[in-house]
Amino acid sequence: MESTLDKQQMTEFYKKMLLIRRFEEACGRLYMQGKVRGFLHLYIGEEAIAVGAISALQPDDYVIGHYRDHGHALAKGMDPKVAMAELCGKSTGSSGGKGGSMHLFDSARNFMGGHAIVGGQMPIAAGLALASKYKKEDRVTICFFGDGAVNQGEFHETLNLASVWKLPILFLLENNLYGMGTHVDRSRAGGRHIYETASAYDIPGVQIDGMDVLGVNECVSEAVKSIRKGKGPHFVEAMCYRYRGHSMADPTMYRERNEAEELGIKDPIDSLKNFMVQFNVASEEEFIEIDSAVGAQISDAVQFAEDSPAPEMDAMYTNVYA
Amino acid sequence: MESTLDKQQMTEFYKKMLLIRRFEEACGRLYMQGKVRGFLHLYIGEEAIAVGAISALQPDDYVIGHYRDHGHALAKGMDPKVAMAELCGKSTGSSGGKGGSMHLFDSARNFMGGHAIVGGQMPIAAGLALASKYKKEDRVTICFFGDGAVNQGEFHETLNLASVWKLPILFLLENNLYGMGTHVDRSRAGGRHIYETASAYDIPGVQIDGMDVLGVNECVSEAVKSIRKGKGPHFVEAMCYRYRGHSMADPTMYRERNEAEELGIKDPIDSLKNFMVQFNVASEEEFIEIDSAVGAQISDAVQFAEDSPAPEMDAMYTNVYA
Amino acid sequence: MAEMILREAVAKALREALEDERVFMMGEDIGAYGGAYAVTRGFLDEYGAERIMDTPISESVIVGAGVGSALAGLKPIVELMTINFSLVAIDQIVNHAAKLSYMSDGQFSVPLVIRTVTGGGGQLAATHSQSFENWYASVPGLKVAVPATPYDALGLFRTAMKDDNPILFAEHSLLYGLRGDVPDDWYEIPFGEADIKREGDDITIVAYSRMTHIALEAAAMLEAKGRYAEVVDLRTLRPWDKQTVLQSVRKTNRIVVVEETWRTGGFGGEIASTIQEEAFDDLDGPVARVGGIDVPAPYNGALEAATIPSAQRVIKAIADTYGI
Amino acid sequence: MAEMILREAVAKALREALEDERVFMMGEDIGAYGGAYAVTRGFLDEYGAERIMDTPISESVIVGAGVGSALAGLKPIVELMTINFSLVAIDQIVNHAAKLSYMSDGQFSVPLVIRTVTGGGGQLAATHSQSFENWYASVPGLKVAVPATPYDALGLFRTAMKDDNPILFAEHSLLYGLRGDVPDDWYEIPFGEADIKREGDDITIVAYSRMTHIALEAAAMLEAKGRYAEVVDLRTLRPWDKQTVLQSVRKTNRIVVVEETWRTGGFGGEIASTIQEEAFDDLDGPVARVGGIDVPAPYNGALEAATIPSAQRVIKAIADTYGI
Ligand SMILES: Cc1ncc(C[n+]2csc(CCOP(=O)(O)OP(=O)(O)O)c2C)c(N)n1
Ligand SMILES: Cc1ncc(C[n+]2csc(CCOP(=O)(O)OP(=O)(O)O)c2C)c(N)n1
Ligand SMILES: [Mg+2]
Ligand SMILES: [Mg+2]
């Protein structure tokens, strides 16, 4: 794990990843208590991708992704209070309790959702990038999607259009090996090297370790630089692992309990911490501080969500139209 | 133009290509007379592909394609009378006048249509191949489609599924450089080497001269042999040229009148004839005979179509359901 | 007579269907995962990967491959995880499956059963809580089944498997756990035959799928008021059983149609206008409709519940329309 | 006052829209080819390839890119060559464009105009002759315009361009050559405001898009019989103008709804049931409906013509229902 990053940045990465991890753990608890409902998809184990990639962006840049969206939203700067309130269906939530876990949005931070139809966010991402190009802004759009989404027709239509029109967009594939219970080897021709598909669209593609936040950040920073130079779309396949089931409802009968070990999966948060300690970037004490600070942030978020009022019944009728 | 084919086969190819050419010319005339209506897409210039490819098949094998389907239907053995009657909307037509030019079907000859939604025939083609595999038959399916269809999501979904499931199917791309008025260079990343896309699905792909019937036949014969061996899907991109407009309604304002010359396009029928004469495979006299025989066949078809009765009004209600 | 939940009734129907070698199943996570709603749990081990095929997340080719294998003489059962996702495959259903018999003038037929899960109420929000059965029911060439009980699900599915046409079979997610009696002896339920789930003389309540149970709830509440409602469960939307509804309304002279999808443009409009066309003089008042509120489904539980028809709303519609 | 055909009126509307730099157009063959129906002929030269964008044949990403650029503050006009092909993009329209304002609770809006061509009558057969406006009109979050004249097309399009919501603008292929007067002075036509295309006291004929002209034809035939029909052109389906229809029927006490799409499950059912709900006592008889025959469109001209509502069928429906 090599890097030219300074302590401050590494510490930032650590804080953000830990924030997401603790946030997700809290969601899981609230779900068990019946306070978070519907489908809940946790990002646990994949934190390095959202944090490493989104840290390479400017506030103006667009981020859009799928329903496993808490990590991306928080990494883009969404207030954990507001996110947690949304998951609890409260009026103080990002969508006043009308969107839920799969549909987080934060217009102020250019977090464009939170889309629950597999592959559905990809054409929209092309449109965001098209707008930036049309307006001659130098914004970049990062479109997150999973290995399962690769098999949707929209993946194909979007990569082709983005390439033909040289759109300023980064396609960031989170290959966690599974689409629900279906392993990529069974769903995708060449399931372990999807990045090669990008070349079919004349888009440069690379595969990286999605459990290494520093590596992700370096790679995405490079890609974003090239995109800003007007070089058109880039494609990054981040190999990772989904620790939990697809959703809280998934008993994960389709894989071995010890698969993660078998694959030698290293936890992204521990890895960074060990690296920082090993190279004396930060001390145990500092981590203890960070951990308790993050812990407090999360319990505040939960408290805020629980204390917030439910939406008025009339909210049902608002914003159907602009 | 090299080949191990004997005179009989070459003569067959010539006859079939000429039959298609004359059929299409007759369609054009009937359209001008208002006897063929709706959208009419002529196959003129592309005859070598349907004839060369379908001649490599057995009667059991499935052929499916898009709305530019007269050539494929005739090459698969559909009676020109029945086809022409369909185009004229007569009760003696292949669909009793209910399908029209874009929707030809011939169940007896395993010609599976004739599909007018761009890309829509591809998933169905996968299903035909899946059935053959499921039933352990050694049938092959050839799925014809155009360069424009390549950009439909269904192209992508179908190639992936065919590859993952190793289906006995040949994807035959007719790259005539245009989807309506849009040149492949403007619609497809790497518009002139689409066959390379196949590798993204771990499908072997080749590009061939679609104006050379002997070359098409050789290449497709090889591919079909490999498919019957259980090697899974193959992909062939046949480069060709659409002499006429996209449909009879197309004034072709988007390309230069002399584009064909510029590109050095050689007529597939003339080329074969010249080859056969040059190498004394057949004499001018024989060609004169063939031409008049084919001419007679077509005028019979037109006569039959014109003389045939219109469908009964009740036909409107039949076969909505099986 | 066995008692089982609707999930078990569908699984039973599928196992019966799979006795025919021409039958196989395709869909997302129906195999190793056991089905998103656990309907096909165990099937992969029982029947093997050749017949229980996990697919990529590619609905268009899932349906299209079903159409193609049906054309080739097989009898596929494809599963679309939910009807919300059928929108990415709707072109294959409407422009292909439904058209090929007609466009080939009977040279081909498409004996394809498309199973899918419909309805809201699970706090899945706007993209995951819809009911599009009404759209499919408007398409010539398709048939649409919307069972409300384990008995109906099994009987209708048996019929679907004998039909040579493309059929959309919509199971409501909130009904999978519903218990009901299922005879041990073989029976089938023809399409286009509604079921009178409860008899009554004062008003006819027409419903389908989960709304049948809301209708029964409303009927029970009416009984407390000394009014007797006849609950007609359509069971299939295409074809739908006009005659049974007409007979009932000629007896009750009052009628309300209840459905879960958005009221505006729902199938309730078809039913209501047909009834007033054919039984105008038998009506004491207009045909009433209760449907989903015309908004996308909100995530919040209280809000979502308010968008879905309830027995209370049915009672109110009846009171407002007929003063009973 | 200028006279122009509907194609010219739409082209005029588009040119006006393009004066706003935030507006651009995307679609298949709208540029170099000039548009499948020649509406945008010349646009590429006038506005350049940055604003008149020819796309690949990829409807999902065409619409989705429209949604995305609308989210980012632009005002895209996307063209779907015909409404038949909208089925491969319907997920982007229904599950995305129509949902984002609600699911983000107003953080985002989708000011997107989707132009498409609807209807049959061109002998294009079953896959190319459909009308799905009724489906889109059932979706909360969408608006649907169905103009019948050059005047209405221009006025409605101007309104569409000022609206911040996703709008489906359906132009009927057989109306592009229709001539009509268009004022030189600026005017707009609000959505949800029907137009009484002809006044009369004996019966109300409700129609939209091309059927408005069939209704007028029928009205002319009725006049020969000494009966006076009021023709109400809805002009938009979502929202649709209930009040104007109700006012008319309260005067005429008779009403028939005419539409081109399949009668079963069409929007006519929505209109008919709404009218009988709200004007039951004003009706001399049931609300009549005339719609497309419930079959896929046949290619043969005579057969196809018989599937589409005609003035004769409207007259017959009126006679059968009201005996006039
Ligand atoms: C079009 C569509 N089909 C199916 C689903 C159901 N579904 C939700 S998530 C999912 C798996 C997606 O896997 P992947 O893209 O790898 O993302 P991950 O969950 O692994 O992050 C499926 C099948 C859906 N939401 N949309
Ligand atoms: C889904 C869909 N979109 C658009 C159309 C309209 N359309 C018909 S043919 C065509 C061009 C297809 O070009 P290509 O695939 O290259 O086939 P070719 O006509 O060149 O044989 C288009 C855009 C359609 N029929 N279906
Ligand atoms: Mg995954
Ligand atoms: Mg082409």
Side-chain angles (χ1 to χ4, degrees), chain A residues 34 36-39 67 86-91 93 95-103 115-120 146-155 178-184 186-189 191 246-247 249-255 310-320, chain C residues 27-38 40-42 44-45 49 53-62 64 81-82 84-89 91-92 120-130 173 262 264 292-308:
Chain A
V36 170
R37 311 294 293 268
F39 288 153
Y67 49 85
E86 184 59 31
L87 269 72
C88 293
K90 298 302 184 73
S91 61
S95 297
K98 286 152 71 173
S101 163
M102 302 195 289
H103 308 114
H115 299 268
I117 301 297
V118 168
D147 47 282
V150 169
N151 303 317
Q152 270 292 336
E154 292 179 322
F155 165 92
Y178 289 92
M180 278 187 77
T182 304
H183 195 285
V184 283
R186 294 195 298 125
S187 67
R188 178 66 189 168
H246 166 67
S247 74
D250 173 9
T252 62
M253 317 289 281
Y254 47 81
R255 66 184 187 188
E312 303 289 327
M313 289 309 286
D314 292 356
M316 184 169 94
Y317 300 101
T318 58
N319 292 313
V320 174
Chain C
E28 293 158 14
D29 290 296
I30 64 172
Y33 188 97
Y37 291 87
T40 52
R41 185 162 292 168
L44 180 59
D45 298 339
M53 311 181 76
D54 276 327
T55 65
I57 306 169
S58 311
E59 284 79 6
S60 284
V61 78
I62 292 170
M81 199 177 284
T82 81
N84 305 285
F85 317 144
S86 75
L87 296 196
V88 293
D91 172 72
Q92 281 295 325
Q123 284 192 248
L124 305 182
T127 58
H128 277 54
S129 308
Q130 304 166 102
S173 59
W262 300 301
T264 300
I293 303 295
D294 287 316
V295 302
Y299 161 70
N300 173 279
L303 296 189
E304 186 192 24
T307 65
I308 301 172

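In what follows, every heavy atom counts, from backbone to side chain, and hydrogens, waters and symmetry copies are set aside. Below, chain A is the first sequence line, B the second, and so on; all start at residue 1.
Expressed to the nearest 0.5 Å, how far CD1 of A:Ile117 lies from CD1 of C:Ile57 amounts to 11.5 Å. Here the straight-line distance linking atom CE of A:Met253 with atom CZ of C:Arg41 works out to 6.0 Å at 0.5 Å rounding. With values rounded to the nearest 0.5 angstrom, C:Asp54 atom CG is found 13.0 Å from A:His183 atom NE2.
Put simply, of C:Ser58, C:Gly31, C:Ala36, the one with the most heavy-atom pairs under 4.5 Å next to chain A is C:Ser58. For the options A:Ala116, A:Ser95, A:Ala310, heavy-atom pairs under 4.5 Å to chain C are most numerous at A:Ala116. Your options are C:Thr127, C:Asn84, C:Thr307, C:Leu87, and the one with the most heavy-atom pairs under 4.5 Å with chain A is C:Thr127. Top candidate by heavy-atom pairs under 4.5 Å with chain C, chosen from A:Val118, A:Asp250, A:Thr252, is A:Asp250. Among the candidates C:Pro56, C:Ser60, C:Pro298, C:Gly34, the residue making the largest number of heavy-atom pairs closer than 4.5 Å to chain A is C:Pro56.
Atom CZ of A:Arg186 sits in a crowded spot, with more than 12 heavy atoms from other residues, nucleotides or ligands closer than 6.0 Å.
Here the closest heavy-atom approach between residue A:Pro311 and residue C:Leu303 is recorded as CG-CD1, 3.9 Å. Across all non-hydrogen atoms, the minimal contact from A:Gly99 to C:Ala125 is O-CB, 3.5 Å. What you find for A:His103 and C:Ala126 is that their closest heavy atoms are CE1-N, 4.5 Å. Residues C:Asn300 and A:Gly89 come closest through the heavy atom pair ND2-O, 2.9 Å. For the pair C:Ala32 and A:Gly181, the tightest heavy-atom approach, listed with the atom from each and the gap, is CB-O, 4.4 Å. For the residue pair C:Tyr299 and A:Glu86, the shortest heavy atom distance occurs at CE2-O, 3.5 Å.
Taking the six-membered ring for Trp and thresholds of 30 and 60 degrees, A:Phe39 and C:His128 have ring planes more than 60 degrees apart, a perpendicular arrangement.
Residue contact with chain C, scored on non-hydrogen atoms closer than 4.5 Å, involves the backbone and the side chain of A:Met313 alike. Only the backbone of A:Glu312 comes within less than 4.5 Å of a heavy atom of chain C; no side-chain atom from C-beta onward does. Contacts of C:Glu59 with chain A are made by both backbone and side-chain atoms, with heavy-atom separations under 4.5 Å. Only the side chain of C:Ile293 has a heavy atom closer than 4.5 Å to any heavy atom of chain A. At a 4.5 Å heavy-atom cutoff, C:Met53 makes no contact with chain A through either its backbone or its side chain.
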Query raised in the report: C:Val295 and A:Tyr317: side chain to side chain contact (heavy atoms under 4.5 Å, CB included), yes or no, with the steps?
Result: CA-CA 7 Å; C:Val295 302; A:Tyr317 300 101; 4.2 Å; yes

